[in-house]
Amino acid sequence: QVQLVESGGGLVQAGGSLRLSCAASGRTFSSYVMGWFRQPPGKEREFVAAISGSGGTTDYADSVKGRVTISRDNAKNTVYLQMNSLKPEDTEVYYCAADGGLLRGTLNRKSWRYPFWGQGTQVTVSS
């Protein structure tokens, strides 16, 4: 079982920055593919970014590419999402997800591929 706890959300003006953090339990964190997703009200969770266990491979949704950076610190069992040049349309609940090793190192954009989820953190961008 993997437990995930997000933090770092909040209210920011358009053009501002936020860094989300996700602390994970588990002794094999460095083997997990980690992802960030966000969920618009009444819609399915959408992919934002993913990172391999070593941190050497990343993937980004087109909507955030160039504005967002995913990274991880395996010594701290933590994955981060640095978001810059934020826009009002980035206002959503952001979720951290872990594959628990099931993806065997392959990044994936499908939310159903990640069995472990955090509780979410709200990001609100004012115009």
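Keep in mind it's a predicted model, so treat the numbers as computed, not measured.
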*Applying side chain to side chain contact (heavy atoms under 4.5 Å, CB included), run through Val123 and Leu18 and close with a yes or a no.*
CA-CA 9 Å; Val123 171; Leu18 280 176; 3.8 Å; yes
*Would you mind telling me which of Leu20, Leu4, Val5 makes a side chain to side chain contact (heavy atoms under 4.5 Å, CB included) with Cys96?*
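When side chain to side chain contact (heavy atoms under 4.5 Å, CB included) is applied between Cys96 and each of Leu20, Leu4, Val5, only Leu4 qualifies.
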What distance separates [X] [atom1] from [Y] [atom2], expressed to the nearest 0.5 Å?
| X | Y | atom1 | atom2 | result |
| --- | --- | --- | --- | --- |
| Leu102 | Asn108 | CG | CG | 11.0 Å |
| Phe116 | Met34 | CZ | CE | 10.5 Å |
| Met83 | Leu81 | CE | CG | 5.5 Å |
| Ile70 | Gln82 | CD1 | CD | 12.0 Å |

Would you name the heavy atoms of [X] and [Y] that are closest together and state the gap between them?
| X | Y | answer |
| --- | --- | --- |
| Gln1 | Ser25 | O-OG, 4.1 Å |
| Ser17 | Asn84 | OG-OD1, 2.9 Å |
| Ala14 | Ser127 | CB-CA, 4.3 Å |

Just grab all the salt bridge (charged side-chain N to carboxylate O under 4.0 Å, His left out) pairs involving [range], residues at least two apart or on different chains.
| range | result |
| --- | --- |
| residues 1-30 | none |
| residues 107-127 | Asp59-Arg109 |
| residues 84-97 | Arg38-Asp90, Arg38-Glu92, Arg67-Asp90 |

Would you mind reporting whether [Y] and [X] have side-chain heavy atoms less than 4.5 Å apart?
| X | Y | value |
| --- | --- | --- |
| Trp36 | Val68 | no |
| Ile51 | Val79 | yes |
| Val33 | Thr106 | no |
| Ser111 | Glu44 | no |
| Leu107 | Thr57 | yes |
| Lys76 | Asn74 | no |

Is it the case that the side chain of [X] and the backbone of [Y] share a donor-acceptor pair, with hydrogens and angles ignored and the cut-off at 3.5 Å?
| X | Y | value |
| --- | --- | --- |
| Asn77 | Phe29 | no |
| Thr124 | Leu11 | no |
| Ser85 | Gly15 | no |

*Do Thr78 and Asp73 get their side chains close enough for a donor-acceptor pair, meaning under 3.5 Å?*
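Distance-only check fails for Thr78 and Asp73.
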*asked:* Can you list everything that forms a ring pair (Phe, Tyr, Trp, His ring centres under 6.0 Å) with Phe47? Sequence neighbours excluded, please.
replied: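 Phe37.
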_Just to verify, what does Lys43 make a salt bridge (Lys or Arg N to Asp or Glu O under 4.0 Å) with, not counting sequence neighbours?_
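Salt bridge (Lys or Arg N to Asp or Glu O under 4.0 Å) list for Lys43, sorted by chain: empty.
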*Report whether Tyr60 and Leu103 are members of the same hydrophobic cluster (ILVMFWY, side-chain heavy atoms less than 4.5 Å apart, transitive linking).*
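No, separate clusters.
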*Is it possible for you to say whether Val48 and Tyr114 belong to one hydrophobic cluster, with membership spreading through side-chain heavy-atom contacts below 4.5 Å?*
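No, Val48 does not connect to Tyr114 through the hydrophobic network.
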*Quick one: which residue pairs count as a ring pair (Phe, Tyr, Trp, His ring centres under 6.0 Å) with a foot in residues 68-101, not counting sequence neighbours?*
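Sorted pair list comes back empty.
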*Measure from NZ or CZ of Arg45 to the centre of the six-membered ring of Trp117, then state whether that distance is under 6.0 Å and the direction lies within 45° of the axis.*
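Judged by the rule (NZ or CZ under 6.0 Å from the ring centre, within 45° of its axis), Arg45 counts as positioned above Trp117.
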